[in-house]
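Reading through the structure tokens given below for one structure.
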Amino acid sequence: MELVLSLGIGMLTGAGVWLLLRPRTFQVIIGLSLVSYAVNLFIFSTGGLRTGAAPILARGTSGTLGLYADPVPQALVLTAIVISFATTALFLVVLLAARGLTGTDHVDGREKDS
Amino acid sequence: MSGWIDHLVIVPILLPLVVGAAMMLIDDRRHILKAAIGLASATALVIVAFLLVYLADGGVTGVYRLGDWPPAIGIVLVLDRLSALMVTLTSILGITALVFALARWHRIGVHFHSLFQFQLMGLNGAFLTGDLFNLFVFFEIMLAASYGMVMHGSGVARVKAGLHYLAINLAASLLFLIGVSMIYGITGSLNMAELSGRIAGVADADRVLLEAGAAILGIAFLVKAGMWPVGFWLPNTYANVGAAPAAIVSILSKVGVYAILRLWLLMFGEAAGQSAGFGGSWLLLGGLLTMAFGTIAVLATQHLTRLAGASVLVSSGTLLATIGIGQAAVTGGALFYLASSVLAVAGFFLLIELVERGRGVGADVLAVSREAFGEDEEDEPDVEIGIPIPATMAMLGMSFMACGLLLAGLPPLSGFLAKFAILAPLLRDVHDVAVTTWVLLVALVLSGLATIVAVTRAGIDVFWVSPAGEVPRIRIVEIAPVLSLLILCVVITVQAGPVMRYMEATANALHSPASYAAQVLPPAAAGPVKGGGR
């Protein structure tokens, strides 16, 4: 389980970072989205990976984390998803504005002189 | 009746939030109404900030429990001397930038006033919060508003710089998340006070992960602060921001420094067991490298706004290096330097726009070529003895000189007092001065030298040598904020005794994380301040 999750996070991060360094703004946005998927999975995994743990407290049991899934990382992931969503939307608007003003979708605003 | 004092801690966050949200409902063409509401909010924030400083100076850490949840479970806002100081600086910059913006800037783009209020809310929240993930949320609010501020007024160069700024900060926010989640995974807590107690007890196998998580978190803050390998975005962005937004955006680099100061001393102070002092030498080294890079940048720039951005780098580097030394007396000097440089840089940004108004397009480049190639001798008409300098140019010139002295750290203004306050505790024992102290001394002196050389050169170009341009037309609302920021610097110079006493008390409190934790967490059942609930 840990291996699958780690490989998934690693592949998403690697692909995202590669895209983040590309010269086209759309690739940068997709790269940021991939890295944010990876980071969300990572945050979730810091709560401890366990299969078959109930998300809620069963009747008669005491409230220790050994018995149910940790809710705090889930809350952190939700917040992170919402914030990334808003900033991705903002980035798209800025991408469009830059495209309109500079006429190109290159991140530096003009094509490389070569 | 004592209830309202208890809730004063959350006013710097709630007031701009409500005002900013309410202003969005008003039609954007009603500039005067929006300006009046925004100005009222900014004034109220200044008053509240000074009240908070007065409350915090009593020595009691005010803890505001959101929703009245116990601190270990819920989010807390903590008012201590450092938070109150930063909230005060934010509110001062807020009102001066807003007054300056009333001349032209608030009409150039849409939703300026709402974005400005949200920027103030994000800044105040970041300074007041006592919870690590809440810090992330307020960082995001602050950054989102700053994206709007940086790109306010549009234009090719500004949007291009804004795009880079946006991408870099989004990547840094992802690093923030990784760091926070690693720290939570190892220690099981997000409350800053609780974290300070748990670091020492971490098992050895997990300690590497904890330190790695803290390092990743630190990188996110250092990107904001503009430390050398990750700060290349800073001069370019600050060069392209409009004057009024620049004055408030300039404090964002100090938010990174504040976060480092708060969290590093809380988590890796002396009580941290094996991790005590983790990363201190890296902070010192990174700060020195940033100062070196900023020094070279200051000398290399031709544009005034880029010079201001490079000065921000130099001040960030100075702060990081002095914090990295990790002594309480030096941290006190660093806080004095923080206050002085925040006010000086903001005043400088506002002043640059006024000064450049009288110059033609490309005057900076012409000045350089004139220096290099000389200029043609022109026949001068009858030379009057003593051409009267208009009052505008005199005021701008004196302000420019004052900004130069403040940024360079030369006497008699507060920049010099700050550098002196940083170095004096280190040089106290003349026979036992560490090598790092000598390096820091050289760096402080050289960065000051470079700044004064660059500012003097720019000042000569702008005020004396250039062919007679038009005298810029300045309005009272534009010159008043600049003068008030500079007068504030003079005030903290004259009143340096009380101010340094406050800073030293702040630094001593920061260097004893146990007292912070004792005041934030139970078992003090009768907590100093309770909030929320009915």
Side-chain angles (χ1 to χ4, degrees), chain A residues 9 13 16-17 20-22 25 27-29 31-49 63 65 70-73 75-77 79-84 86-110, chain B residues 72-75 109 115 131-134 136-141 143-148 150-151 154-191 206 209-210 213 216 220 236 240:
Chain A
I9 294 176
T13 313
V17 168
L20 195 50
L21 299 172
R22 300 292 291 164
T25 44
Q27 291 172 316
V28 171
I29 289 184
L32 280 169
S33 302
L34 286 179
V35 179
S36 77
Y37 296 161
V39 168
N40 291 332
L41 283 174
F42 182 82
I43 302 174
F44 185 67
S45 73
T46 61
L49 298 175
L65 278 179
D70 191 352
V72 173
L76 302 186
V77 171
T79 313
I81 291 175
V82 168
I83 292 178
S84 322
T87 49
T88 307
L90 176 62
F91 201 136
L92 279 167
V93 170
V94 175
L95 179 164
L96 287 172
R99 168 77 175 83
L101 282 169
T102 60
T104 170
D105 70 339
H106 197 277
V107 286
D108 286 334
R110 55 185 168 83
Chain B
I73 297 177
I75 294 174
L115 279 173
D131 179 275
L132 201 53
F133 198 77
N134 199 225
F136 169 72
V137 172
F138 276 119
F139 251 65
E140 290 305 305
I141 297 175
L143 286 174
S146 78
Y147 304 146
V150 161
M151 284 185 271
S154 198
V156 178
R158 199 166 279 152
V159 172
K160 212 172 73 174
L163 187 83
H164 292 181
Y165 177 68
L166 182 50
I168 289 167
N169 276 296
L170 288 181
S173 298
L174 292 168
L175 286 177
F176 197 140
L177 280 172
I178 295 176
V180 168
S181 56
M182 282 175 82
I183 292 177
Y184 174 73
I186 302 292
T187 55
S189 170
L190 286 170
N191 187 299
D206 296 334
L209 273 179
L210 176 71
I216 295 176
N236 195 38
N240 286 309

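Here is how names work: the chains are called A, B, and so on, in the same order as the sequence lines, proteins then strands, and each is numbered from 1.
The two atoms that bring A:A80 and B:L177 nearest to each other are CB-CD1, 3.6 Å, heavy atoms only. B:Y147 and A:L90 make their closest contact through CD1-CD2, 3.3 Å (heavy atoms, listed as atom of the first residue, atom of the second, distance).
In this structure, CG on B:N134 lies 10.0 Å from OG1 on A:T79, to the nearest 0.5 angstrom.
Environment of CZ in A:F44: sparse, with no more than 12 heavy atoms of neighbouring residues, nucleotides or ligands closer than 6.0 Å.
Neither the backbone nor the side chain of B:S173 comes within contact range of chain A; no heavy atom of the residue lies under 4.5 Å from a heavy atom of that chain. Heavy-atom distances place the side chain of A:T25, and not its backbone, under 4.5 Å from chain B. If you measure heavy-atom distances from A:I83 to chain B, the contacts under 4.5 Å come from the side chain alone.
Interface summary for chain A: among B:M151, B:M182, B:K160, the most heavy-atom pairs under 4.5 angstrom belong to B:K160. Ranked by heavy-atom pairs under 4.5 Å with chain B, the list A:L20, A:T88, A:D108, A:V35 is led by A:D108. For chain A, the option among B:V156, B:L190, B:L174, B:V180 with the highest count of heavy-atom pairs below 4.5 Å is B:L174. When each of A:V107, A:T102, A:V28 is checked for heavy-atom pairs under 4.5 Å with chain B, A:V107 comes out on top. Taking chain B as the reference chain and counting heavy-atom pairs below 4.5 Å, the highest number among A:V77, A:V17, A:L32, A:I29 is found for A:L32.
Under the rule for a ring pair (Phe, Tyr, Trp, His ring centres under 6.0 Å), the partners of B:F136 that lie at least two apart in sequence or sit in another chain are B:F133, B:F176. Take A:N40 and apply the side chain to side chain donor-acceptor pair (under 3.5 Å) test, not counting sequence neighbours, and it matches no residue.
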request  = Evaluate side chain to side chain contact (heavy atoms under 4.5 Å, CB included) for B:Y184 paired with A:D70, printing each intermediate quantity in order.
outcome  = CA-CA 11 Å; B:Y184 174 73; A:D70 191 352; 2.7 Å; yes
